[in-house]
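Encoded as structure tokens, the structure appears first; notes follow it.
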There are 2 protein chains.
Amino acid sequence: MPKLGMEPIRREALVKATIAEIGEHGTLGVTVSQIARRAGMSSALAHHYFGGKEQIFVAAMRYTMGVYAAEVRGALVMATGPAERVEAVVRASFSPRNFRADTVAAWLNFYVLAQVSDEARRLLDIYHRRIRSNLCHALRDPLGARAWPVAERVAALIDGVYLRQSLGHGTPDGDAAVEQVMGYARLELERAPT
Amino acid sequence: MPKLGMEPIRREALVKATIAEIGEHGTLGVTVSQIARRAGMSSALAHHYFGGKEQIFVAAMRYTMGVYAAEVRGALVMATGPAERVEAVVRASFSPRNFRADTVAAWLNFYVLAQVSDEARRLLDIYHRRIRSNLCHALRDPLGARAWPVAERVAALIDGVYLRQSLGHGTPDGDAAVEQVMGYARLELERAPT
DNA sequence: TTTCTTTGATTGACGAGTCAATAAAAACCA
DNA sequence: TGGTTTTTATTGACTCGTCAATCAAAGAAA
């Protein structure tokens with residue numbers, strides 16, 4: 001059975017199982033055994049490859065952020081002009097995938113962890129920096145010096161709307177979320193001339 | 001020792017101890033014993049008065065929200081005019097108290113719990129409805145029909161900015177947070193004429 | 001005495017992380 | 001080629017610790 005090169009396969013299986021398990025239970029209070037069982041291996045193997053539960057979860061979050069970053073890049077290549085570029089970032093943030101219960105649970109628990117785990121905090125910083133950079137880049141041309149504060153506000157608005165859509169009643173509505181954020185973005189772009 | 005009317009005293013002590021303990025550990029993974037010890041009683045008594053850990057935490061969150069609501073009301077009575085009323089709500093949301101580590105920890109864990117606990121979800125709904133109502137009321141006069149979507153956006157912006165300030169580097173800056181939100185609010189108020 | 005308060009002790013269970021031991025593939029060697 | 005060693009993969013069993021929740025019983029006021 002033991003074939004070579006199992007490590008990356010096991011790691012990915014664990015990462016995906018972690019997200020699924022946290023999505024089902026809502027909490028980080030899932031056990032390594034549950035995650036390992038879902039990934040089809042013993043808990044000892046999970047510890048062998050990752051070291052501990054927190055490291056497994058951070059890896060899972062890194063994965064989630066990677067997928068999100070890819071979504072953003074994918075949307076950006078088809079965008080022309082500032083408004084479209086901003087909308088690309090916003091749309092990616094509110095994609096169906098990001099509103100799935102497991103993704104939401106991952107993010108919420110990630111925020112909790114970021115309070116106390118340096119590694120998680122670092123990862124969160126990367127997310128903040130990336131989205132800020134993407135938005136700034138899109139806004140720099142039309143807004144000039146105002147690009148920075150507007151980007152910051154759009155980023156915060158994305159997070160806030162995401163939170164409310166995720167925890168509100170009923171199924172989250174991605175299009176409505178996009179409109180909520182773009183409503184502000186367009187306002188800034190229309191009064192553009194710096 | 002057993003005097004009458006201990007119940008409210010014990011409950012309050014437990015609620016405050018819960019917030020302090022979660023603030024110190026960051027997580028809901030604190031034990032009932034830790035909370036009870038901090039509140040100066042046995043864990044059995046905590047169970048006696050609240051039933052279980054989740055109920056203790058929900059009570060703690062209800063308390064936190066109550067304090068916040070009082071802050072908002074206090075700020076509102078001194079406000080005249082739409083802009084000031086909005087700013088009152090925003091300022092209260094970013095008061096030093098709300099940026100204390102224990103309050104932040106309470107809110108973040110509350111979001112996690114709201115995914116799976118009906119009681120927590122109901123409480124979160126109350127928060128959403130209240131802030132929406134306060135902002136709508138402040139904006140209805142100058143913005144008319146546009147009051148609702150703008151209020152929703154301001155509310156989301158508050159949550160988003162709060163999240164970023166709390167989990168960003170360094171000490172949260174309440175004034176900067178207020179300015180970030182009011183920057184948008186004023187934009188809407190200036191183009192006011194419906 | 002009745003009622004409220006309080007806790008020590010207990011139950012019954014679970015969990016993270018470790019370790020020694022097994023299994024199998026690959027690399028080395030003759 | 002056949003045999004042997006090394007490396008990687010894998011897990012069952014175990015340690016040590018924890019914890020939520022219960023309960024019977026005791027202390028004290030009404």
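In what follows, chains carry the letters A, B, and so on, assigned in the order in which the sequence lines appear, proteins first and then strands, with residues in each chain numbered from 1.
- Aromatic rings of A/Y184 and B/Y184 (six-membered ring for Trp) have centroids within the 6.0 Å cut-off, being under it.
- Ion pairing between a basic and an acidic side chain is recognised when a charged N comes within 4.0 Å of a carboxylate O; A/R191 and B/E190 show no such pairing.
- Distance, A/M6 CE to C/dA23 P: 19 Å, rounded to whole Å.
- The existence of a salt bridge linking B/E188 and B/R146 is confirmed by a sub-4.0 Å separation between a basic side-chain nitrogen and an acidic carboxylate oxygen.
- When the C1' atom of C/dT6 is taken as reference, atom CG of B/L45 falls 6 Å away, rounded to whole Å.
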Detail all sub-3.5 Å separations between protein N/O atoms and N/O atoms belonging to nucleotides 19-22 of chain D.
from   : atom 1 : to    : atom 2 : distance (Å)
D/dA20 : OP1    : B/K53 : NZ     : 3.3
D/dA20 : OP2    : B/V32 : N      : 3.2
D/dA21 : OP2    : B/H47 : NE2    : 3.1
D/dA21 : OP2    : B/K53 : N      : 3.4

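- A/F50 comes within 4.0 angstrom of no nucleic acid atom, judged by non-hydrogen atoms across all strands.
- Between the C1' atom of C/dG17 and the CD1 atom of A/I35 lies a distance of 14 Å, rounded to the nearest Å.
- Under the 4.5 Å side-chain heavy-atom criterion for Ile, Leu, Val, Met, Phe, Trp and Tyr, B/L189 and B/I158 are members of the same hydrophobic cluster.
- For B/R130 and B/D125, the salt-bridge test fails: no basic side-chain N is under 4.0 Å from an acidic carboxylate O.
- Separating the CZ atom of A/R37 from the C1' atom of C/dA16 is a distance of 14 Å, rounded to the nearest angstrom.
- Ion pairing between a basic and an acidic side chain is recognised when a charged N comes within 4.0 Å of a carboxylate O; A/E179 and A/R186 show such pairing.
- Atom CD in A/E21 sits about 12 Å away from atom P in C/dA16, given to the nearest Å.
- Note: CD (A/E7) to C1' (D/dA9) measures 10 Å, nearest angstrom.
- A straight line from CE of B/M41 to P of C/dC4 spans 19 Å, rounded to a whole angstrom.
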